[in-house]
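Quick notes on the structure that follows.
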Protein chains: 2
Amino acid sequence: MSNNQFKRGELYSVINGMATTAVARRLQKNYRTAGLEITIEQWSVLYHLWKEDELSQQELGIRTFRDKASITRLIDNLEKLGLVTRVASTTDRRINKVCLTDAAKPLQQITYELANQTMNEALQNISKEEIETVKNVLQRVYDNLTHPNLI
Amino acid sequence: MSNNQFKRGELYSVINGMATTAVARRLQKNYRTAGLEITIEQWSVLYHLWKEDELSQQELGIRTFRDKASITRLIDNLEKLGLVTRVASTTDRRINKVCLTDAAKPLQQITYELANQTMNEALQNISKEEIETVKNVLQRVYDNLTHPNLI
DNA sequence: TTGAATTAGTTGCATAACTAACTATATGTC
DNA sequence: GACATATAGTTAGTTATGCAACTAATTCAA
């Protein structure tokens with residue numbers, strides 16, 4: 001029943017996800033150093049809007065792995081910063097489409113560059129095969145916990 | 001210079017660490033379901049104290065990857081719950097030793113079991129070799145960002 | 001078509017995160 | 001011994017997170 005793949009002493013460091021935390025922290029620092037006054041959480045929303053604008057808050061929650069309350073507050077703050085606006089959908093009045101403003105445009109290029117640069121720092125001396133394995137395993141862990149498993 | 005190991009579209013899902021977030025969320029849920037009124041953050045502190053009691057706040061910060069302000073609040077809350085006490089060090093009066101109380105003892109066994117059970121859910125169908133690779137890569141990512149690199 | 005169930009979003013409450021500025025104690029150097 | 005520096009911890013301010021309860025709009029079914 002228990003396959004105990006972890007020694008007890010290692011349990012927490014895995015659950016904690018120290019590495020991804022460190023990456024997020026470094027990226028935040030790099031944004032700040034470059035004079036960008038946005039948080040990485042705000043950036044994560046912009047990132048998805050740059051890929052596809054006018055997403056609903058619901059959809060943004062799914063794509064960024066957040067609940068809808070968190071999205072509500074993130075959009076509140078992005079609106080205060082003048083980077084997005086909420087536009088009520090004409091076909092379904094429950095839905096807010098979240099739309100990028102012109103003020104958000106200049107951020108796209110510089111934040112992508114800083115994010116790529118940060119990933120390059122983080123991934124120094126790590127092979128493509130290793131990265132593929134990590135991505136694949138993390139996805140399966142995520143799926144294990146979010147899709148009911150019928151084994 | 002840029003080795004761009006990530007396609008742009010994949011950047012965020014990696015930085016976000018969705019899998020570790022999902023594991024933490026599931027563990028929190030399992031604690032709640034079992035009637036345990038502690039957060040996983042609080043548990044992470046208890047976890048290290050069970051391994052070695054009477055650690056300083058500083059040391060707890062290092063072992064749980066948190067800054068000292070965060071540790072101050074976590075210990076505040078654990079003290080309110082009656083699970084730990086702060087005891088001033090006799091040899092260095094700047095230091096608080098954080099000590100487990102008797103009330104914390106009964107939590108050790110049950111939280112370990114739930115954590116192990118959660119990890120087993122999360123790691124279904126993932127091989128030991130894959131787990132080793134992930135742990136190894138995440139550690140190297142962490143080291144890349146925290147130790148100055150002289151290449 | 002009316003009433004139940006579902007969906008999208010907001011709000012209140014509690015916890016937690018980071019930065020920066022602060023206090024207090026300890027250390028090290030002249 | 002005295003002053004500069006470093007270390008341990010606290011506090012204030014802002015942002016973010018999750019859950020649960022709520023409103024409003026939509027859909028489904030009798």
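Below, read A as the first sequence line, B as the second, and so on, with proteins coming before strands; counting in each chain starts at 1. Both backbone and side-chain heavy atoms feed into the values below; hydrogens, waters and symmetry mates do not.
The interatomic distance linking A:R63 (CZ) with C:dA8 (P) rounds to 14 Å, in whole Å. Distance CD1 (B:I75) to P (C:dA17): 11 Å, rounded to an integer number of Å. If you take CG of A:L27 and P of C:dC18, they are 15 Å apart, rounded to a whole angstrom. The distance from atom NZ of A:K68 to atom P of C:dT10 is 10 Å, rounded to the nearest whole Å. Between B:Q58 atom CD and C:dA26 atom C1' the separation is 14 Å, expressed in whole Å. The separation between A:L55 atom CG and C:dG9 atom P is 11 Å, rounded to whole Å. One can place CD of A:E59 at 15 Å from P of C:dT7, the figure rounded to the nearest angstrom. Summarising the geometry, the separation between CD on B:E41 and C1' on D:dT17 is reported as 9 Å, rounded to the nearest angstrom.
For D:dT17, the OP1/OP2 oxygens have a side-chain nitrogen or oxygen of A:R66 closer than 4.0 Å. In this structure, B:S70 reaches the C:dC18 phosphate: one of its side-chain N or O atoms is under 4.0 Å from OP1 or OP2. A close approach under 4.0 Å does not occur between any side-chain nitrogen or oxygen of A:Q28 and OP1 or OP2 of C:dT19. For the pair B:N96 and D:dA8, the criterion of a side-chain N or O lying under 4.0 Å from OP1 or OP2 is not met. Between B:R25 and D:dG18 there is a side-chain polar atom (N or O) within less than 4.0 angstrom of OP1 or OP2. Residue B:T72 places at least one side-chain N or O closer than 4.0 Å to OP1 or OP2 of D:dT10. The phosphate of C:dA8 has neither OP1 nor OP2 within less than 4.0 Å of any side-chain N or O from A:Q57. Between B:R73 and C:dA17 there is no side-chain polar atom (N or O) within less than 4.0 angstrom of OP1 or OP2.
Residue B:Q42 places its side chain closer to C:dA16 than to any other of D:dA20, C:dA16, D:dA25.
With hydrogens and angles ignored, the 3.5 Å screen pairs no side-chain donor or acceptor of A:T64 with any backbone N or O of A:S44. Looking only at distances, no side-chain donor or acceptor of B:E59 sits under 3.5 Å from a matching main-chain atom of B:S56.
Positionally, the nearest nucleotide of DNA chain C for A:R86 lies more toward the 5' end than for the other of B:T90 and A:R86.
The rotation axes computed at either terminus of the helix from C:dT1-D:dA30 to C:dC30-D:dG1 lie 20° apart, taking five pairs at each end and rounding to 10 degrees.
Residue A:R94 places a side-chain atom within donor-acceptor reach of the base of C:dT7, judged by atom type and a 3.5 Å distance cut-off alone. In the interface, the side chain of B:R32 is not paired with the base of C:dA14 through any donor and acceptor atom under 3.5 Å apart.
The shortest non-hydrogen separation linking B:V23 to B:A122 is CG2-CB, 4.1 Å. The two residues B:A22 and A:Y142 have their closest heavy-atom pair at CB-CD1, 3.8 Å.
Residue-level contact check: B:I71 touches neither bases nor backbone, having no heavy atom under 4.0 Å from any strand. Note on B:N77: only backbone sugar-phosphate atoms sit closer than 4.0 angstrom, heavy atoms only; bases stay farther off. A:T39 comes within 4.0 angstrom of the backbone, heavy atoms only, and of no base. Counting any heavy atom pair closer than 4.0 Å across all strands shown, B:D67 reaches a base atom.
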Open item on the list: Could you go through B:Q57 and B:R86, starting from their C-alpha distance and side-chain angles, then the distance that decides it, and tell me whether this counts as side chain to side chain donor-acceptor pair (under 3.5 Å)?
Closed with: CA-CA 9 Å; B:Q57 297 189 196; B:R86 286 175 164 99; 2.9 Å; yes
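To the nearest 0.5 angstrom, B:N96 atom CG is 12.5 Å from B:L55 atom CG. Rounding to the nearest 0.5 Å places CG of B:L46 at 12.0 Å from CD of B:E41.
Each of B:I131, B:L138, B:N136, B:V137 was evaluated against B:V134; a single residue qualifies, B:L138, per the side-chain contact (heavy atoms from CB on, under 4.5 Å) test.
Taking the six-membered ring where the residue is Trp, B:Y47 and B:Y112 present perpendicular rings, their angle passing 60° and hence far from 30°.
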